[in-house]
**Student:** 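Would you mind keeping the following structure in view while I ask a few things?
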Protein chains: 2
Amino acid sequence: MSLIRVDLRSRVPIFEQIVNSVRDLAIRGLMKPDEQMPSVRALAAELAINPNTIQKAYGELERQKIIYSLAGRGNFIASDLTGLMDTHRQALLHALANDAAQAYRHGIPVAEIEKTVSEAIRSANFGEEKGND
Amino acid sequence: MSLIRVDLRSRVPIFEQIVNSVRDLAIRGLMKPDEQMPSVRALAAELAINPNTIQKAYGELERQKIIYSLAGRGNFIASDLTGLMDTHRQALLHALANDAAQAYRHGIPVAEIEKTVSEAIRSANFGEEKGND
DNA sequence: TAACTGTACTACAACAAATAATACAGACGG
DNA sequence: CCGTCTGTATTATTTGTTGTAGTACAGTTA
């Protein structure tokens, strides 16, 4: 059973949910480089959706170099995810800067902005305290 | 000419773009309480889209209490926007906390997170230095 | 050879968004 | 009162995207 999940009621297309889900799993290290993906037909059966939808998602993941495919063998997580990790790191910092700037422009005091950030970090710390490997 | 803009190529529905645009203008103070909105037909003509789409957007804005309508007179920005402002303030802080926590979990050092925030605030300062009223 | 794997293609169904065309009622100014 | 603006409501139609269905073909592996 794979970690990939979709919400049929969401207005985000299913194939895109799969793309986002796999990207997220790769970034979080829950799917390792060169690890084999579920086959198109197997994942389609598990999620109870059409194989073509999975194929579309895998095609997009390959285009984004998050997975690679070997004809007749299967699809695999990319061997080198450093580019993906760097992009994600940049995106995170960009979003953070954006939110901070917007909060400031909205008149929220700098002290409150900084307090929000430090408390969020403290909470994140508790959440990750244990349970790795 | 109104400040409301839409992007026909976006995958966000037009009526929703209008809702978001008006909400944003109200939050940023570019549309004042009790200010009259462009009429359904006038805005439809200006944006070159169907009046029904505008009507749908205005209906949703009224449902969200961002505007009110007077039969035969027109649509107007709500007199009291404090609820909207509070909600927005909360949403901003929530997004900020979320991004900070995610950055931390991703392994970005606390120092870098804090530096990103303070520099974003400094930049926002320059952008708002003058030009009010 | 059989049973997997990925890939490609066409046709069709389903749904949401947007359009089109009306119709009706309140407000306002002459 | 009349004409014209305003919002509101209704129904039908078109359009585009998403997803489904079915089929076919090629590479890999045992």
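Residue numbering restarts at 1 for every chain, and letters A, B, ... go by the order of the sequence lines.
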**Student:** Taking the side chain from A:Gln102 and the backbone from B:Leu92, do they hold a donor-acceptor pair closer than 3.5 Å?
**Tutor:**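 Checked: no pair found.
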**Student:** Show me the side-chain donor-acceptor pairs of residues 62-74 of chain A shorter than 3.5 Å, one per line, residues at least two apart or across chains.
**Tutor:**
| unit_1 | atom_1 | unit_2 | atom_2 | d |
| --- | --- | --- | --- | --- |
| A:Arg63 | NE | A:Glu60 | OE1 | 3.2 |
| A:Arg63 | NH2 | A:Glu60 | OE2 | 3.1 |
| A:Gln64 | OE1 | A:Arg23 | NH2 | 2.9 |
| A:Gln64 | NE2 | A:Glu60 | OE2 | 2.8 |
| A:Tyr68 | OH | A:Asp34 | OD1 | 2.7 |

**Student:** Nearest 0.5 Å, what's the CG-CD1 distance between B:Leu47 and B:Ile54?
**Tutor:** 5.5 Å
**Student:** Walking along DNA chain C from 5' to 3', note the first and the last nucleotide with an atom under 4.0 Å from a heavy atom of chain A, and give both.
**Tutor:** C:dT5 to C:dC9
**Student:** Reading DNA chain D from 5' to 3', where do the contacts with chain B start and stop? Cut-off is 4.0 Å to heavy atoms.
**Tutor:**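 Contacts span D:dT6 to D:dT10, reading 5' to 3'.
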**Student:** Mapping B:Arg11 and B:Ser39 onto DNA chain D by nearest heavy atom, which one lands closer to the 5' end?
**Tutor:**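 Mapping each residue to its closest nucleotide by heavy atoms, the 5'-most match is B:Ser39.
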**Student:** How do A:Arg73 and A:Val12 order along DNA chain D: which one's closest nucleotide is nearer the 5' end?
**Tutor:** A:Val12
**Student:** Tell me whether B:Asn20 contacts the main-chain N or O of B:Glu16 through its side chain, where contact means a donor paired with an acceptor under 3.5 Å.
**Tutor:** yes
**Student:** Under the side chain to side chain contact (heavy atoms under 4.5 Å, CB included) test against B:Leu61, which residue among B:Asn75, B:Ile77, B:Val22 passes?
**Tutor:** B:Val22
**Student:** Pick base, sugar-phosphate or nothing for A:Arg41, based on heavy-atom distances below 4.0 Å to the nucleic acid.
**Tutor:**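 The residue A:Arg41 makes base contact.
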**Student:** Working to the nearest 0.5 Å, report the span between CD1 of A:Ile4 and CD of A:Gln17.
**Tutor:**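 So the CD1 of A:Ile4 and the CD of A:Gln17 are separated by 12.0 Å.
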**Student:** For residues 108-117 of chain A, which side-chain N or O atoms pair as donor and acceptor with protein atoms under 3.5 Å away, sequence neighbours left out?
**Tutor:**
| unit_1 | atom_1 | unit_2 | atom_2 | d |
| --- | --- | --- | --- | --- |
| A:Glu112 | OE1 | B:Arg89 | NH2 | 2.5 |
| A:Glu112 | OE2 | B:Arg89 | NH2 | 2.8 |
| A:Thr116 | OG1 | A:Glu112 | O | 2.8 |

**Student:** Could you check which residues of residues 45-68 of chain B get a heavy atom under 4.0 Å from DNA chain D? Sort them by number, please.
**Tutor:** B:Asn52, B:Gln55, B:Glu62
**Student:** Can you name the one residue among A:Asp24, A:Ile27, A:Leu93 that meets side chain to side chain contact (heavy atoms under 4.5 Å, CB included) with A:His88?
**Tutor:** A:Ile27
**Student:** Do you know which two heavy atoms are closest between A:Leu81 and A:Pro33, and how far apart they sit?
**Tutor:**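 Closest heavy-atom pair between A:Leu81 and A:Pro33: CD1-CG, 4.1 Å.
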**Student:** Give me the other members of the hydrophobic cluster that A:Val12 sits in, counting Ile, Leu, Val, Met, Phe, Trp and Tyr linked by side-chain heavy atoms under 4.5 Å, directly or via other members.
**Tutor:** none
